[in-house]
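Below is one structure; the comments refer to it alone.
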Amino acid sequence: MPDIGGLSLSVDRRAIDDTLAEFCATELDGVEPRVADAIRYSLLGGGKRLRAMLLTAAYEAVGGAADCRVLAAAVEVIHAYSLVHDDLPCMDDDDLRRGRPTTHRAFGVAVATRAGYLLVPVAAQVLAEAAAGLGLGAAGLGRLAATLFQAGGIEGMVGGQWLDLEAEGRLLDLSELMTVHRGKTGALIRAACTLGGLAGPADARTVEALGRFGEEIGLAFQIADDVLDATGTSAELGKTAGRDEALAKSTYVRVLGVEGARAEAERLAGRAVDHLVRAGVPSSSLGALAEYIVTRSS
Ligand code: GRG
């Protein structure tokens, strides 16, 4: 998987992979070997590390100068857990992820389920280490934890996934789709941007602008994902193409068509950058990431 182009950030995809590998090497003592293998498989199996890049870009945009790779890795741990569980037979029941068998295909459903759950406390541990490393103190850690776990919970990712599963076989309109994906996909992307600002640490207005940026590009990301699912191949995507149609899911492509969905993603990416400009937080890296999100091919 190549790095996202056009970025000059202090943390890159390799740094995140190395950080997660170090964590796996030192922190999985006591975990049943097969579950530990599944955790390593899901954490170290590639991925664009987009959320980590967004966090880093947000952190640098507000003047953060320390090494934020551990904090960025914490978001990727929650993301990895969500992918493992999303692929399970009781959810999207998928066979392919990041160009290889999904975790439950490689390790079985019981092991993959346990590995996914265990990743949540792993994320909490990584987050605590990150806050200590960045000298943020107990109050700072509290703000980071509230942001990450609220985004990962019923008000965010879990809630959105729930609505998405319940909606299978029923056609959602645009506003219902936005509610689903603001939670399911958008909440963690928004949180990544907010976390970068909080770690800065930036003032409340700046953190809010980063959050709004994240919310718009979170939706743009999902729209682009729907377009890729409808137009890409499994080899290009590293996951099963055409899955939305097979599951009769409501998607932006269904509601807006491919070209309409592309245009909507572009519009949201533009709005995202406007939030930053208005708040006086110019960032070429965040701009490049917004552009990447709507033009990516995998
Ligand atoms: C208990 C109801 C319930 C839910 C559990 C499974 C889950 C929580 C939530 C699902 C969240 C999810 C998987 C959303 C999809 C987001 C998405 C489009 C992911 C793909 O992200 P990429 O392309 O992946 O950044 P890589 O592989 O590059 O990291």
Side-chain angles (χ1 to χ4, degrees), residues 47-59 71-88 91-92 116-117 119-124 126-127 130 141-167 172 174-199 202 204 206-226 244 249-252 264-265 268-269 271-272 275-276 286 289-290 292-294:
K48 296 180 284 295
R49 307 302 191 197
L50 172 69
R51 291 147 193 83
M53 297 304 107
L54 284 166
L55 186 151
T56 304
Y59 177 68
L71 182 58
V75 181
E76 290 292 334
V77 176
I78 292 290
H79 174 56
Y81 127 71
S82 80
L83 297 181
V84 173
H85 278 194
D86 190 47
D87 291 332
L88 287 171
M91 298 211 199
D92 277 5
Y117 281 130
L119 284 170
V120 180
V122 166
V126 177
L127 193 75
L141 171 59
R143 279 190 284 275
L144 298 181
T147 300
L148 182 59
F149 293 109
Q150 232 165 48
I154 195 71
E155 291 166 37
M157 189 175 79
V158 166
Q161 173 79 342
W162 198 305
L163 292 175
D164 196 30
L165 292 169
E166 284 195 338
L172 301 184
L174 190 57
S175 124
E176 290 174 306
L177 257 187
M178 285 173 71
T179 304
V180 167
H181 291 299
R182 217 175 251 127
K184 176 180 171 173
T185 303
L188 194 59
I189 289 178
R190 178 182 177 132
C193 300
T194 302
L195 288 167
L198 287 172
T206 303
V207 173
E208 178 61 22
L210 287 166
R212 282 170 183 259
F213 168 87
E215 182 162 343
E216 308 275 13
I217 53 153
L219 280 179
F221 179 88
Q222 181 61 53
I223 297 174
D225 211 69
D226 287 359
D244 292 336
K249 283 209 169 175
S250 294
T251 65
Y252 289 93
E264 178 62 4
L268 290 170
R271 273 173 49 142
H275 288 300
L276 300 182
L286 288 171
L289 283 163
Y292 165 78
I293 279 169
V294 294

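The model shown is predicted, which means the values in this text are computed figures rather than measured ones.
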(request) Check L210 against G197 and note the closest heavy-atom contact, atom names and distance. (result) CD1-CA, 3.6 Å
(request) Compare every heavy atom of E216 with every heavy atom of A272, then report the nearest pair and how far apart it is. (result) CB-CB, 3.6 Å
(message) Let me confirm one number: the OH-CG distance from Y292 to L286, rounded to the nearest 0.5 Å.
(response) 15.0 Å
(message) Could you work out, with side chain to side chain donor-acceptor pair (under 3.5 Å) as the rule, every residue matching E76, not counting sequence neighbours?
(response) none
(message) With salt bridge (Lys or Arg N to Asp or Glu O under 4.0 Å) as the rule and sequence neighbours excluded, what pairs involving residues 147-165 come up?
(response) D164-K184, D164-K249
(request) Could you tell me which residues satisfy salt bridge (Lys or Arg N to Asp or Glu O under 4.0 Å) with E215, sequence neighbours excluded, listed by chain and number? (result) R182, R190
(request) Would you mind reporting whether I78 and R51 have side-chain heavy atoms less than 4.5 Å apart? (result) no
(request) With sequence neighbours excluded, tell me which residues meet side chain to side chain donor-acceptor pair (under 3.5 Å) with D86. (result) Q161
(message) For Q222 versus T185, what's the shortest heavy-atom pair and its separation?
(response) OE1-OG1, 2.5 Å
(message) Less than 4.5 Å apart, side chain to side chain, heavy atoms only: is that true for L127 and V75?
(response) no
(message) Tell me every residue that passes side-chain contact (heavy atoms from CB on, under 4.5 Å) with A146, counting only those two or more places apart in sequence or in another chain.
(response) none
(request) Enter the distance from L50:CG to L54:CG here, rounded to the nearest 0.5 Å. (result) 4.5 Å
(message) Looking at every non-hydrogen atom in both residues, tell me the closest pair between A220 and A269 and how far apart they are.
(response) CB-N, 4.4 Å
(message) If I take atom CE from residue M91 and atom OG from residue S82, how far apart are they, to the nearest 0.5 angstrom?
(response) 10.0 Å
(message) Using 0.5 Å steps for rounding, measure from the CG atom of L71 to the CG atom of L55.
(response) 4.5 Å
(request) Could you tell me whether the side chain of L268 reaches within less than 4.5 Å of the side chain of I217, counting heavy atoms only? (result) no
(request) Check G214 against I189 and note the closest heavy-atom contact, atom names and distance. (result) O-CG2, 3.7 Å
(message) Would you say that L188 contacts L148 through its side chain, given a criterion of any heavy-atom pair below 4.5 Å between the two side chains?
(response) yes
(request) Quick one: list whatever passes side-chain contact (heavy atoms from CB on, under 4.5 Å) with A151, sequence neighbours left out. (result) A187, A191
(message) I'd like to check the side chain to side chain donor-acceptor pair (under 3.5 Å) partners of T147; sequence neighbours left out, ordered by chain and number.
(response) none
(message) Applying salt bridge (Lys or Arg N to Asp or Glu O under 4.0 Å) as the test, list every pair that has at least one member in residues 141-150; sequence neighbours left out.
(response) none
(message) List the residues meeting side-chain contact (heavy atoms from CB on, under 4.5 Å) with L174, not counting sequence neighbours, and say none if there are none.
(response) M178, Y252, V255, L256
(request) Mind listing the closest non-hydrogen atom pair of F213 and C193 along with its distance? (result) CD2-SG, 3.9 Å
(request) Quick one: list whatever passes salt bridge (Lys or Arg N to Asp or Glu O under 4.0 Å) with R212, sequence neighbours left out. (result) E208
(request) Tell me, please, which residues at least two apart from H85 pass ring-ring contact (aromatic ring centres under 6.0 Å, His included). (result) Y81, Y117
(message) Once rounded to the nearest 0.5 Å, what's the spacing between atom NE2 of H181 and atom CG of D225?
(response) 9.0 Å
(request) State which residues pass side-chain contact (heavy atoms from CB on, under 4.5 Å) with L172; sequence neighbours excluded, sorted by chain then number. (result) A167, R170, E176, L177, V180, S250
(message) Distance check, rounded to the nearest 0.5 Å: L198 atom CG versus T206 atom OG1?
(response) 11.0 Å
